[in-house]
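Shown next, in structure tokens, is the structure this report addresses.
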Amino acid sequence: MNRKMVFFDIDGTLLDHHTRTIPASTREAIAELRRLGHEVAIATGRGPFMFRSIREELDIHTYVSLNGQYVVHEGSVVRSQPIPKPVLERLHESAKTSNHPIVYMAAETMKCAETDHPFVVESLSSLELDMPDYHPNYFHEEDIYQAMVFCEAEAEEAYRQGFDLQFIRWHRYSMDVLPFGGSKAEGVQAMIERLGFRREDVYAFGDNLNDIEMLRFAGTGVAMGNAPETVKLVADVVTRDVGDDGIWHGLKAVGLL
């Protein structure tokens, strides 16, 4: 058997976007992938501390997290690329001036530079996450791999023009902030280089804008049926909705099950 490596996004891919649970068919499909000898990994914008329970439920301990900035294989760090602190200092001041809350994400936790802002509460509650602790200068103390700026879409362009960073919107009130060129694809590449997989033997499943580079990079990119058209257009295969056994059907469609 030609062994493959399969990467799965979490929200809207592994997790049903309505029930916020992992469908039984997805758990069974991943167990069967393993039984067949394939390598299984998670690729997410979340920090490692945000999906511990999912790793435990699926027994997956290899992951690309923080949109490629922090990559781990079975407890061993493969890639670590924090945002430079002088850049974070400028971002902090700009967001503060514009009254845009900002959350800083390290590998083990996240802190918010403002307390109880409705944009932060609404965005994070969509992921079933609590409001982070208040710590306005957290970026001085830890390596920060990703930030979130909370603002409406019309404020995006000023950030894009003002910073050599990537801004990826994932909620109407929130953008992920990454080092320029950072993406899940970069993390996937670091992982497969470490493990010795060829690009053509890589499969990736995703449903959102931060999955586009990964779907393009993978030998076979699979978009979920619940993905927007911009994501489906870059995929090699479009499967069913996550809640309609999308992972199981997608793995069948590409010949892995």
Side-chain angles (χ1 to χ4, degrees), residues 1-19 21-46 51 54-65 67-68 71-74 78 183-257:
M1 182 201 69
N2 187 6
R3 189 164 173 258
K4 311 295 185 183
M5 187 162 194
V6 190
F7 292 85
F8 296 98
D9 170 54
I10 292 179
D11 298 287
T13 301
L14 289 176
L15 276 184
D16 188 302
H17 47 296
H18 297 301
T19 66
T21 60
I22 300 171
S25 63
T26 296
R27 292 196 299 272
E28 292 164 7
I30 288 174
E32 181 64 8
L33 274 180
R34 279 219 187 84
R35 189 190 71 78
L36 293 169
H38 301 302
E39 182 85 26
V40 180
I42 287 171
T44 180
R46 295 186 183 213
F51 62 102
I54 292 170
R55 300 201 305 272
E56 290 167 2
E57 181 176 352
L58 296 175
D59 194 26
I60 297 175
H61 305 289
T62 293
Y63 54 86
V64 171
S65 68
N67 283 310
V71 179
V72 172
H73 174 251
E74 298 291 344
V78 171
S183 69
K184 291 184 184 182
E186 294 286 330
V188 169
Q189 183 172 13
M191 182 75 79
I192 66 173
E193 287 176 356
R194 171 68 65 90
L195 300 184
F197 283 92
R198 300 176 302 170
R199 185 173 172 181
E200 56 264 37
D201 291 328
V202 173
Y203 293 72
F205 285 69
D207 77 304
N208 216 331
L209 300 180
N210 65 341
D211 295 311
I212 286 176
E213 291 89 351
M214 177 175 72
L215 296 181
R216 284 178 172 150
F217 175 82
T220 304
V222 183
M224 305 303 291
N226 44 280
E229 280 304 310
T230 49
V231 176
K232 291 177 180 177
L233 287 172
V234 305
D236 300 294
V237 175
V238 177
T239 185
R240 298 185 187 182
D241 187 288
V242 57
D244 190 22
D245 302 327
I247 294 295
W248 190 88
H249 284 284
L251 289 168
K252 289 283 286 186
V254 298
L256 291 181
L257 292 183

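All values reported here derive from a predicted model rather than from experimental measurement.
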Please report the C-alpha distance between Arg27 and Glu57 in whole Å, then the side-chain angles of each, then the deciding distance to 0.1 Å, and finally whether the salt bridge (charged side-chain N to carboxylate O under 4.0 Å, His left out) criterion is met. CA-CA 9 Å; Arg27 292 196 299 272; Glu57 181 176 352; 3.5 Å; yes
Considering non-hydrogen atoms only, spot the tightest contact between Leu257 and Ala29 and give its length. CD1-CB, 3.9 Å
Roughly how far apart are Asp236 CG and Thr220 OG1, rounded to 0.5 Å? 5.5 Å
Under a 3.5 Å distance rule, please check whether Asp244 uses its side chain to pair with a backbone N or O of Gly246 as donor and acceptor. no
Taking the side chain as everything from C-beta on, heavy atoms only, tell me whether Thr26 gets closer than 4.5 Å to Leu15. no
Identify whether the distance between the nearest side-chain nitrogen and carboxylate oxygen of Lys184 and Asp211 falls below 4.0 Å. yes
Stepwise side chain to side chain donor-acceptor pair (under 3.5 Å) check, Arg55 with His61: CA-CA 6 Å; Arg55 300 201 305 272; His61 305 289; 4.8 Å; no
I want to check something: taking the side chain as every heavy atom from C-beta on, are Ile42 and Thr62 in contact at a cut-off of under 4.5 Å? no
How about Val72 and Val78: do any of their side-chain heavy atoms sit closer than 4.5 Å? no
Enter the distance from Asp16:CG to Asn226:CG here, rounded to the nearest 0.5 Å. 8.0 Å
Can you measure from CG (Leu14) to CD1 (Ile22) and round to the nearest 0.5 angstrom? 6.0 Å
Examine distances only and state if a side-chain atom of Asp9 and a backbone atom of Thr44 form a donor-acceptor pair shorter than 3.5 Å. no
Apply the test side chain to side chain donor-acceptor pair (under 3.5 Å) to residues Asp207 and Thr13: give CA-CA distance (whole Å), side-chain angles for both, the deciding distance (0.1 Å), then the verdict. CA-CA 6 Å; Asp207 77 304; Thr13 301; 3.2 Å; yes
In this structure, NE2 of His38 is separated from CZ of Phe197 (nearest 0.5 Å) by 9.5 Å
Evaluate Glu32 against Arg35 for salt bridge (charged side-chain N to carboxylate O under 4.0 Å, His left out), listing each step before the verdict. CA-CA 5 Å; Glu32 181 64 8; Arg35 189 190 71 78; 2.7 Å; yes
Would Arg34 and Ile60 count as a side-chain contact (heavy atoms from CB on, under 4.5 Å) here? Give the steps. CA-CA 10 Å; Arg34 279 219 187 84; Ile60 297 175; 3.1 Å; yes
Any side-chain heavy-atom pair from Met5 and Val40 closer than 4.5 angstrom? no
Please determine whether side-chain contact (heavy atoms from CB on, under 4.5 Å) holds for the pair His73 and Glu39, giving the CA-CA distance in whole Å, both sets of side-chain angles, and the decisive distance to 0.1 Å. CA-CA 11 Å; His73 174 251; Glu39 182 85 26; 3.7 Å; yes
So among Val254, Val202, Leu33, which one has a side chain to side chain contact (heavy atoms under 4.5 Å, CB included) with Val6? Leu33
In the structure I gave you, are the side-chain heavy atoms of His17 and Asp241 within less than 4.5 Å of one another anywhere? yes
Side chains of Val222 and Val238: closer than 4.5 Å at any heavy-atom pair? no
Any sub-3.5 Å donor-acceptor pair from Arg199's side-chain atoms to Phe217's backbone N or O? yes
Between Lys232 (side chain only) and Ala223 (backbone N and O only), is there a donor and an acceptor less than 3.5 Å apart? no
Considering residues at least two apart in sequence or located in another chain, which fulfil the salt bridge (Lys or Arg N to Asp or Glu O under 4.0 Å) criterion with Asp201? Lys4, Arg198
Interatomic distance, CG@Asn2 vs CD@Glu200, rounded to 0.5 Å, equals 8.5 Å
Start with the C-alpha gap between Phe205 and Ile247, add the side-chain angles, then the distance that decides, and say whether side-chain contact (heavy atoms from CB on, under 4.5 Å) holds. CA-CA 8 Å; Phe205 285 69; Ile247 294 295; 3.8 Å; yes
Quick check, are the ring centers of Tyr63 and Phe51 under 6.0 angstrom apart? yes
Flag the pair Asp11 / Asn208 as yes when at least one side-chain heavy-atom distance between them is below 4.5 Å, and no otherwise. no
Any side-chain heavy atom of Tyr203 sitting closer than 4.5 Å to one from Leu251? no
